[in-house]
Trainee: 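My questions will all concern the structure given below.
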Amino acid sequence: MESNGGQSGLVIACGGTGGHLFPGLAVAEAWTRRGGKVVLLVSEKKIDQEASRKYSQYRFETIPAAAKPPTLSPKMLPFLWDLWRTIGKCRGIVKDFQADAVLGMGGFTSLPPVYAAKQLGVPGFVHDSNALPGKANRLTARWCREVFIGLEAAREYFPGSECVLTGTPVREELKNLPSRTEAAAKLGLDPAKPTLLVMGGSQGARKLNSIVAEAAFADGLQVLHIAGPGDEQRVIDQAGRREGYKVLGFCDDMPSAYAVSDAVVARAGASSMTELAYLGLPSILVPFPFAADDHQTFNAKVFAEAGAAFLEQESGLSSAKLATLVAEMLEPAKRSSMVAALEKLAVKDAAERVCDAILKTLK
Ligand SMILES: CC(=O)N[C@H]1[C@@H](OP(=O)(O)OP(=O)(O)OC[C@H]2O[C@@H](n3ccc(=O)[nH]c3=O)[C@H](O)[C@@H]2O)O[C@H](CO)[C@@H](O)[C@@H]1O
């Protein structure tokens, strides 16, 4: 095996949500740039299947992805049976691909492949992008050579593991944004106007959508509102087809969305936040209230305490308060202090750090 990764095979388990998928794709880009080969394990979900068509240069395999039911639930037995069969399927993939390493990007889709790797004696790794790591990753970590973390705050949750701070990988297309004019033309917006991007994570955000759609923003502010699949028409109706208010369902052109924006209202999903840091976009972070163990609040606190974002809980947020905070975030002095704080939080070479750390242990 070559020290730069040439021809080494990496299995990357990254299905389930955008927050696992996109950093996994970013690692695939970095690994193949070094001459290595990858297999991406994803779920049956639409977002994963669409990615497998868009990134058709990579080999994708679909594996079942069921979240763990409560321990005493009658669903537990079928869950364990499916998990066992999925581990068997993953063992087949890892063997057939002659993988040199297996990397899980988090969630329950990571557990079976990393466990299969352990059974086969292939080095396993897991990446966690959150400040408060998920249960699946904490369990999976015990079978890994090293645990990669996106934020320093996560380290304490992996007491028995070798932890490496890598940051969370950002996909290549976000590193080369189109010009503001080009992006605005694609999205039907005016490049000369200040623009607020609203995004509810890859899974949308009904209540947050309503708070934004009813806000009376300062004159001249444009809004690009990604409402999430399923909520697009409702938000269009609610925002009243205002001029300069553009609503999308899912956005498959995030580079243009970011290129035209000056500030953001977002959920506190780790990948979105990583991208905001990478691109220097100040934000109001509104954690998804039903996220496991309220982990999005932990994520948002890291940025809020650094002065890189405002943290607002959805329950206490009104449309009037949101409009005031957006105006504050766009004031030049506030904006530049937030941008400076974001710069300190950004890890620009996260995908490279992940590849380096894996290769180091393979030597
Ligand atoms: C509800 C929930 O529990 N979400 C979790 C999920 O991520 P979830 O996918 O909800 O959110 P993230 O912010 O991590 O990722 C969203 C990703 O989707 C992309 N995007 C978003 C909207 C869109 O229209 N188009 C598009 O491409 C964003 O650019 C970003 O890359 O896993 C993350 C990583 O463990 C967690 O931090 C999140 O808290």
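For this chain, numbers begin at 1 and follow the sequence in order. Indexing begins at 1, ligand by ligand and atom by atom, following the structure's order.
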Trainee: Any salt bridge linking Asp252 with Arg53? Criterion: basic side-chain nitrogen under 4.0 Å from a carboxylate oxygen.
Mentor: no

Trainee: Are the charged groups of Arg34 and Glu352 less than 4.0 angstrom apart, N to O?
Mentor: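 Answer for the salt bridge query: yes.
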
Trainee: Just to check, does Ser129 reach to within less than 4.0 Å of ligand 1 when the distance is taken from its heavy atoms?
Mentor: yes

Trainee: Only pairs under 3.5 Å count here: list side-chain donor-acceptor contacts from residues 215-222, not counting sequence neighbours, and write none if there are none.
Mentor:
unit_1 : atom_1 : unit_2 : atom_2 : d
Gln222 : OE1    : Asp190 : N      : 2.6
Gln222 : NE2    : Asp190 : O      : 3.0
Gln222 : NE2    : Thr195 : OG1    : 2.9

Trainee: Which side-chain N or O atoms in residues 297-319 pair as donor and acceptor under 3.5 Å with protein atoms at least two apart or in another chain?
Mentor:
unit_1 : atom_1 : unit_2 : atom_2 : d
Thr297 : OG1    : Asp294 : OD1    : 2.9
Thr297 : OG1    : Asp294 : OD2    : 3.1
Thr297 : OG1    : Gln313 : NE2    : 3.1
Asn299 : OD1    : Ala131 : N      : 2.7
Asn299 : ND2    : Asn130 : OD1    : 2.9
Asn299 : ND2    : Ala268 : O      : 3.0
Glu312 : OE1    : Lys321 : NZ     : 3.0
Glu314 : OE1    : Arg267 : NH1    : 2.9
Glu314 : OE1    : Arg267 : NH2    : 2.7
Ser318 : OG     : Lys321 : N      : 3.1
Ser319 : OG     : Ile211 : O      : 2.8

Trainee: Does Asp231 come within less than 4.0 Å of Arg234, counting only side-chain N to carboxylate O?
Mentor: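 Salt bridge: yes.
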
Trainee: Any atoms of ligand 1 less than 4.0 Å from a non-hydrogen atom of Tyr258? List them with their elements.
Mentor: 29 (O)

Trainee: Select the closest option to atom 16 (C) of ligand 1 among Gly269, Pro287, Ser272, judged by heavy-atom distance.
Mentor: Ser272

Trainee: Counting heavy atoms only, which part of Met199 comes closer than 4.0 Å to ligand 1: side chain, backbone, both or neither?
Mentor: neither

Trainee: Counting heavy atoms only, which of Arg267, His127, Met254 is nearest atom 20 (N) of ligand 1?
Mentor: Met254

Trainee: Could you tell me whether ligand 1 has any atom less than 4.0 Å away from a heavy atom of His295?
Mentor: yes

Trainee: At the 4.0 Å heavy-atom cut-off, does Leu174 count as touching ligand 1?
Mentor: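 No heavy atom of Leu174 comes that close to ligand 1.
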
